[in-house]
Amino acid sequence: MLVLGSLLQGIGATPPGIAGSTYMDEIFTQKQFGVAISILYVVSFIGYPISLLAGAVFLQIYVTMEDPPPGVTITSKEWVGAWWAGMFFPAIAVFLISFIILLYPRQMPAAKKVLRDKVRRGITTVIEKKEELGRSIKEITIDMIPTFKRVLGNKGLAALIIGDVFLFLQIGSYSFYPKIYALIFRLDSKSVGSILGVSNIVGFGIGLIMGGLLMRVKVWHPKTLQLIYSVLTVAAIPFSLGMLLYCPANTYAGVEVPYPDQILNTSQLRSPALTDACNTDCSCTTAFYQPVCDRSNNITYFSPCHAGCMDVQLDTDGMGDSQVTSYLNCTCARHLTVTPGECGGRCSTLLWYNIILTTLSTIIQSASYPSQAIIYQRIVSEVDRTFTQGVRSSVSRALGTLPAPLMYGWIIDSWCSVWRVSDSGEVGNCWVYDVKSLIMWFVLVQTVIRIACAIFNFLCWYWFPEVNMNNDESVKMKDSVKLRELDMENK
């Protein structure tokens with residue numbers, strides 16, 4: 001059902017992306033279009049951090065909207081929040097808004113004025129525009145093969161689309177950021193959603209506004225815009241390495257360090273030995289994660305059972321409720337006593353350094369998006385714009401959006417040290433990760449993808465074609481007549 005829902009969501013999200021920018025390009029001049037597309041991008045990209053903030057609220061509610069099972073709290077790894085609410089309520093809103101979009105006319109009144117300006121600057125011709133608007137479905141189908149050949153022959157466009165594939169591969173990692181940040185900074189779902197939500201609102205908002213203002217400064221030549229887009233893509237890379245700043249990972253007994261009588265080798269980093277002579281008789285499992293800490297050496301044990309604990313010390317508050325303060329007679333611990341929870345704490349300083357650097361990366365990268373939208377409207381002739389948007393959307397989604405979650409999910413799962421295994425032997429989610437290796441490979445893959453994106457963007461700039469400049473005198477003469485007709489219609 002989730003796959004079917006994602007499929008329908010992709011089908012519904014594609015047409016606005018293909019036709020929306022083309023529709024806006026018809027009713028705004030180039031200066032206005034840069035600002036308009038920035039506003040559109042600001043609204044759309046802010047949807048992602050808003051979803052993080054909303055998700056932080058929804059995840060505080062148990063998945064069934066009822067009381068959770070006994071012993072399961074919001075800080076437990078067994079907690080499952082109401083994840084489905086983040087899909088259900090926005091779906092209702094989109095359904096209602098779609099009826100407003102249906103009321104839009106085929107062509108806005110302002111389109112004639114913008115068309116006249118484009119013709120005078122040689123960007124398009126009235127004849128091209130008439131052909132674009134007046135074609136039937138049959139004519140469009142017949143004309144698709146030569147159009148496809150014409151678009152494929154545009155080396156600059158091909159490089160730009162390939163660059164887009166790598167861009168979408170990199171953007172696909174964003175959906176894993178809440179999990180990554182919760183892991184490397186030991187944050188709960190509410191905290192990570194709030195922090196990432198605010199940082200992304202600031203990053204995307206400032207970046208897109210700056211990009212729109214840059215488009216407002218002057219009417220840039222499309223090739224110059226492509227150079228700006230390429231340079232900004234490169235400039236964002238160093239700041240993205242801020243993700244390498246994270247809290248020191250927990251040291252787990254039997255995973256990173258041996259039990260007192262174990263000799264741990266490198267192969268056990270991927271095949272942990274949580275069972276030792278000191279806890280063999282305890283019949284411990286990994287069905288539930290209940291970490292405890294030996295404060296004498298800062299070693300974390302998977303559970304009191306894995307620490308070989310036999311007794312527990314309770315503290316009763318004024319309400320009569322009991323709470324575990326420590327576990328005693330733990331045969332695996334140095335001083336036979338451990339306390340509940342992981343040994344590692346939060347490191348706020350590194351967290352804010354990380355957030356500042358990655359937000360700067362987001363600002364720089366998102367500042368390039370308005371120029372990219374204009375480039376796609378100018379790198380092909382007027383009649384090929386909508387078809388080009390379709391090709392771009394199909395290729396980037398098929399080769400970028402779709403494989404990205406699989407790729408990053410595989411990277412994360414590859415560095416799992418301890419899996420949840422039920423009493424029946426069924427393997428579930430991951431409890432403990434090799435954080436150092438996970439972050440190194442996560443950032444490395446992201447960086448390689450960003451560099452590949454930048455390379456193809458520069459190739460697009462190098463191969464950028466001179467399009468939409470019609471020097472045919474007969475066409476110019478016909479256009480001058482058509483321009484007079486348009487002027488008379490506007491009067």
Side-chain angles (χ1 to χ4, degrees), residues 42 45-46 48-53 55-56 59 75 167 169-211 231-252 256 291 293 298 300 341-369 408 411-412 415 417 432-451 453-454:
V42 166
F45 276 100
I46 282 180
Y48 169 68
I50 288 178
S51 70
L52 290 175
L53 295 174
L59 292 177
T75 57
L167 174 64
L169 279 173
Q170 180 254 315
I171 291 176
S173 66
Y174 291 170
S175 59
F176 293 92
Y177 273 27
K179 180 181 181 69
I180 293 293
Y181 274 84
L183 176 65
I184 64 178
F185 291 108
R186 306 183 187 96
L187 301 172
D188 56 48
S189 57
K190 182 179 181 181
S191 299
V192 74
S194 301
I195 292 172
L196 291 180
V198 172
S199 67
N200 279 284
I201 288 176
V202 173
F204 286 121
I206 294 177
L208 291 168
I209 291 172
M210 289 175 59
V231 171
L232 289 175
T233 304
V234 173
I237 296 176
F239 296 97
S240 67
L241 299 178
M243 204 168 183
L244 291 172
L245 300 175
Y246 58 90
C247 293
N250 290 317
T251 303
Y252 286 90
E256 285 88 10
C293 175
N298 285 327
T300 301
E342 299 172 346
C343 291
R346 296 184 180 182
C347 46
S348 300
T349 303
L350 286 176
L351 171 61
W352 290 115
Y353 284 153
N354 181 305
I355 292 297
I356 289 171
L357 289 173
T358 52
T359 300
L360 287 173
S361 176
T362 303
I363 290 173
I364 296 171
Q365 181 170 335
S366 56
S368 68
Y369 293 155
Y408 290 108
I411 292 173
I412 292 173
W415 295 104
S417 299
V432 179
Y433 288 94
D434 180 356
V435 175
K436 184 177 179 180
S437 300
L438 168 59
I439 296 301
M440 182 187 69
W441 279 98
F442 193 86
V443 174
L444 176 62
V445 171
Q446 269 197 325
T447 304
V448 170
I449 290 173
R450 286 174 180 267
I451 293 173
C453 177

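Small disclaimer: the values here were computed from a predicted structure and weren't measured.
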Full working for side-chain contact (heavy atoms from CB on, under 4.5 Å) between Thr251 and Asn298
CA-CA 7 Å; Thr251 303; Asn298 285 327; over 6 Å; no
Distance col, row Ile171:CD1 vs Gln365:CD, nearest 0.5 angstrom, shows 6.0 Å
Quick one, Gln170 with Cys453, criterion side-chain contact (heavy atoms from CB on, under 4.5 Å). Give me CA distance, side-chain angles, the key distance, then yes/no.
CA-CA 9 Å; Gln170 180 254 315; Cys453 177; over 6 Å; no
Decide side-chain contact (heavy atoms from CB on, under 4.5 Å) for Ile184 and Val435; before the verdict, give the C-alpha distance in whole Å, the side-chain angles of both, and the deciding distance to 0.1 Å.
CA-CA 7 Å; Ile184 64 178; Val435 175; 3.8 Å; yes
Is there a side-chain contact between Thr300 and Val432 in this structure, where contact means two heavy atoms from C-beta onward sitting under 4.5 Å apart?
no
Evaluate the criterion side chain to side chain donor-acceptor pair (under 3.5 Å) for residue pair Tyr174 and Asn200; output intermediate values, then yes/no.
CA-CA 10 Å; Tyr174 291 170; Asn200 279 284; over 6 Å; no
Would the distance check show the side chain of Ser361 and the main-chain N or O of Ala236 forming a donor-acceptor pair, the cut-off being under 3.5 Å?
yes
Quick one, Leu183 with Leu438, criterion side-chain contact (heavy atoms from CB on, under 4.5 Å). Give me CA distance, side-chain angles, the key distance, then yes/no.
CA-CA 10 Å; Leu183 176 65; Leu438 168 59; 3.5 Å; yes
Nearest-0.5 Å distance, CD1 of residue Ile439 to CD1 of residue Ile411:
11.0 Å
Nearest heavy-atom neighbours spanning Val443 and Met243
CG2-CB, 4.0 Å
Can you measure from CG (Leu244) to NZ (Lys436) and round to the nearest 0.5 angstrom?
11.5 Å
Check Ala454 against Val234 and note the closest heavy-atom contact, atom names and distance.
CB-CG2, 3.6 Å
Scanning both residues in full, the closest heavy-atom pair of Leu196 with Ser199 reads O-OG, 3.0 Å
Looking at every heavy atom in both Ser175 and Pro178, which two are closest together, and how far apart are they?
O-CD, 3.7 Å
In terms of heavy-atom contacts, Arg450 and Thr233 come closest through O-CG2, 4.4 Å
Can you find a pair of side-chain heavy atoms, one from Ile180 and one from Tyr246, that are under 4.5 Å apart?
no
CG of Asn250 to SG of Cys343: how many Å apart, nearest 0.5 Å?
6.5 Å
Taking all non-hydrogen atoms of both residues, which atom of Thr362 and which atom of Gly203 are closest, and how far apart?
CG2-C, 3.8 Å
As an exercise, state the distance from OG of Ser240 to CG of Leu360, rounded to the nearest 0.5 Å.
11.5 Å
Asn354 CG to Cys247 SG distance, which is reported to the nearest 0.5 Å:
9.5 Å
Taking the side chain from Asp434 and the backbone from Ser417, do they hold a donor-acceptor pair closer than 3.5 Å?
no
Do the rings of Tyr181 and Phe185 sit parallel, tilted or perpendicular, given the 30° and 60° boundaries?
parallel
Is there a side chain to side chain donor-acceptor pair (under 3.5 Å) between Lys179 and Tyr408 once you walk through the steps?
CA-CA 12 Å; Lys179 180 181 181 69; Tyr408 290 108; over 6 Å; no
